[in-house]
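Step one of this worksheet: look at the structure below.
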2 protein chains.
Amino acid sequence: MSSLLSRIEQNLNRLSEAERKIGEYILEHPELVPNMTTKDLSKNSGVSESSIVRFCKSIGIGSFKSFKLELVKDITLTGMNLTDFDILQKRDEPYDLFQKVTYVNKAAIEATPASLDRKEFEKAVEILSHADKLMFYGVGGSSTAAIDAYYKFTKLGYQCTTNHDFHFLLSAIPYLTEQSVFFAISMSGKTKDVLELSRFAKSQGATVIAITNIDKSPLYKEADIRLCTPVVEQDFRIGSIPSRMTQLTIIDSLYLSIFHSKGEKVIDKYHKARNEVIRLRR
Amino acid sequence: MSSLLSRIEQNLNRLSEAERKIGEYILEHPELVPNMTTKDLSKNSGVSESSIVRFCKSIGIGSFKSFKLELVKDITLTGMNLTDFDILQKRDEPYDLFQKVTYVNKAAIEATPASLDRKEFEKAVEILSHADKLMFYGVGGSSTAAIDAYYKFTKLGYQCTTNHDFHFLLSAIPYLTEQSVFFAISMSGKTKDVLELSRFAKSQGATVIAITNIDKSPLYKEADIRLCTPVVEQDFRIGSIPSRMTQLTIIDSLYLSIFHSKGEKVIDKYHKARNEVIRLRR
DNA sequence: TTTTATTTGAAATTTAATTTCATAATTTGG
DNA sequence: CCAAATTATGAAATTAAATTTCAAATAAAA
């Protein structure tokens, strides 16, 4: 336990009521405090600003500013940046929401290595390196990942297809072969359209790679390769925001891996495109 | 070597004279700076206080206060934080790349609060809450953020437009008014097409909100509101991957803030759409 | 019950950070 | 080489944050 926080904890009962409130708030959300003003902290802990200043003196630190500096050191040393989703309890002022989003997105990405199976990932890279056509499909929040993947893999020379229109893809699937890959992107793994296209693609001999929550959903069961995203705390305000981050992280990783495995051949073409971008930018 | 100090060191020759003086002083006495005020530091390094503030922005941190906090973290970590470096040094096997991506994405999101200016963010929310039409434009890696924003804000009832086609948007801009907002999304802030559309939109009276790196780019200068993303370590293998994550994080936060500020009115419609999704999913 | 000590927050003050703006220095285009 | 435009800079003004003062409320002691 870090020294400053434990000092606060130990002195908690010796402090006056207002000061104890402050101490309790700090112990709950230490990582938020360094960015706060006295006004913020006074609002959040329900006391006056003057009490904040007195609190600092009570626990032996001369000013609120010094206190914040000490706290940062403490937090940094113990590596406890934004540990709890207590941050979700914050009020919903715009900037609070920004911090909340930052936190959940970071946490979701952090949780990804735990849900993604290494062997499945390597299998996906292996399959992709011999694939010709790729198709990406995701609806709602997952459509962003599909579109992002579409761009990335097109840059690597694959013949890619994606579309929001179910029927459009339906008519393209018959052209898929054993060398093709169908990416089914769905957080829940239950979306009807995604499931139907997956089954159809599979019936054409294509490999179905699912990017879906690690959860025994229909899509999870039916996919050939499962790249699992973590199940993140569902907060109605946050919705599917963090899960899109994890989908993108997986896409990014696949992209880089293929980029790397294709080696020189791609790099040459990639630089051609890149130089053109720079030239056009003037 | 710690990342913030080395970042200062690396950028030293790119800075102007006054800013270089500040950088040099900080590199000499990093441990003193967190307890200093702008006045102290300006006296010690022989420049004006304004230059201090500008210096912070130049090296990619939104305010002097944030800078001091980052510096404390940095100093505290020095010598004990080899893990970051280790990860980036890893070989390029697929799973190594996955870890690398996870790491850089996480780090980028973590760095966002330091680059995003709270006031600018709140200004953006304010403007958006009274806006009618929104237009989003980003090319290359930034197009994902544009498309994602397009979906999100459409769900909130805005009249949204986005397209990859420069000329398509060109023909839509004359319909923008003082109540409209043009989102210019560009990491570098130099992309010609983005700049031209921004200027055109501005000439129509629309507010230009830029989502761009905290860097003195043309877009940074011309925008009405600047939502700055952190300048992340450029690794040629990683490219713009992490910066897209920070763009999305900002979009997410704006979306949630508006969602929240619009309150009941939207929630009702939102649930209608959502229930329909669930029903169709069977 | 009165007096005294303690706790507290509102308002005033002081201090710090940031922005604005005029000027000086530099670069660019003719 | 000069004029125009751009960029860099600090002084002053503004805005925001931290701290102090002080009066009222509460609790403890006489």
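Chain A is the first sequence line, chain B the second, and so forth, proteins listed ahead of strands; every chain is numbered from 1.
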- Looking only at side-chain atoms of B/A18, point me to the closest of D/dA18, C/dT8, D/dT9. D/dT9
- Message: Under a 4.0 Å threshold between the charged nitrogen and the carboxylate oxygen, would B/R199 count as salt-bridged to B/E222?
- Response: yes
- Message: Taking the minimum atom-to-atom distance to the side chain of A/S50, which one of C/dA10, D/dA18, C/dT18 wins?
- Response: C/dA10
- Taken to the nearest whole Å, CZ/B/F55 to P/C/dT18 is 14 Å
- Query: A/E19 has an atom CD; how far is it from atom P of C/dT8, in whole Å?
  - Reply: 7 Å
- With the side chain defined as heavy atoms from C-beta on, B/S48 is closest, among D/dT20, D/dA18, D/dG10, to D/dG10
- Of the nucleotides C/dG9, D/dT9, D/dT19, which has the atom closest to the A/R54 side chain? C/dG9
- Task: Measure from the ring center of B/F183 to the ring center of B/Y137 and say whether it is less than 6.0 Å.
- Result: no
- Query: How many Å lie between CD1 on A/I22 and P on C/dT7, as a whole number?
  - Reply: 13 Å
- Is any side-chain N of the basic residue among B/D252 and B/K152 closer than 4.0 Å to the acidic one's carboxylate O? yes
- Task: Quick one: list whatever passes side chain to side chain contact (heavy atoms under 4.5 Å, CB included) with B/T177, sequence neighbours left out.
- Result: B/D132, B/K133, B/Q179, B/S180
- Checking all strands, does A/K65 fall into the base, sugar-phosphate, or nothing category for heavy-atom contacts under 4.0 angstrom? sugar-phosphate
- In whole Å, what is the span from the CG atom of A/L69 to the P atom of D/dA18? 11 Å
- Task: Report which part of the nucleic acid A/K21 touches: base, sugar-phosphate, or nothing (heavy-atom distance under 4.0 Å, all strands).
- Result: nothing
- Message: Base, sugar-phosphate or nothing for A/S63? Non-hydrogen atoms, less than 4.0 Å.
- Response: sugar-phosphate
- Item | Any donor-acceptor N/O pair under 3.5 Å between C/dA17 base and B/T37 side chain | no
- Message: Rounding to an integer number of Å, can you tell me how far A/K68 NZ sits from C/dA16 C1'?
- Response: 11 Å
- Task: Classify the nucleic acid contact of A/E17 as base, sugar-phosphate or nothing, counting any heavy atom under 4.0 Å across all strands shown.
- Result: sugar-phosphate
- Message: I need the CD-C1' distance between B/E120 and D/dT15, as an integer number of Å.
- Response: 15 Å
- Given DNA chain D, 5'-ward residue of the pair B/K119 and A/E49, judged by closest heavy atom: B/K119
- Task: Report, as yes or no, whether the 6.0 Å neighbourhood of atom OH on B/Y175 holds more than 12 heavy atoms from other residues, nucleotides or ligands.
- Result: no
- Message: What verdict does the ring-ring contact (aromatic ring centres under 6.0 Å, His included) test give for B/F55 and B/F64, after you've listed the backbone C-alpha separation in whole Å, the side-chain angles of each residue and the deciding distance to 0.1 Å?
- Response: CA-CA 9 Å; B/F55 169 82; B/F64 184 56; 9.1 Å; no
- Length of the CZ-P vector between B/F64 and D/dA18, whole Å: 14 Å
- Task: Provide, to the nearest angstrom, the distance between the NZ atom belonging to A/K43 and the P atom belonging to D/dA18.
- Result: 13 Å
- Message: Using only modelled atom types and a 3.5 angstrom limit, is any donor from either the side chain of A/S51 or the base of C/dG9 paired with an acceptor on the other?
- Response: no
- Any side-chain N or O of A/S16 less than 4.0 Å from the OP1 or OP2 oxygen of C/dT8? yes
- Taking C/dA17, D/dT19, D/dA16 as options, the one with an atom nearest any side-chain atom of A/V53 is D/dT19
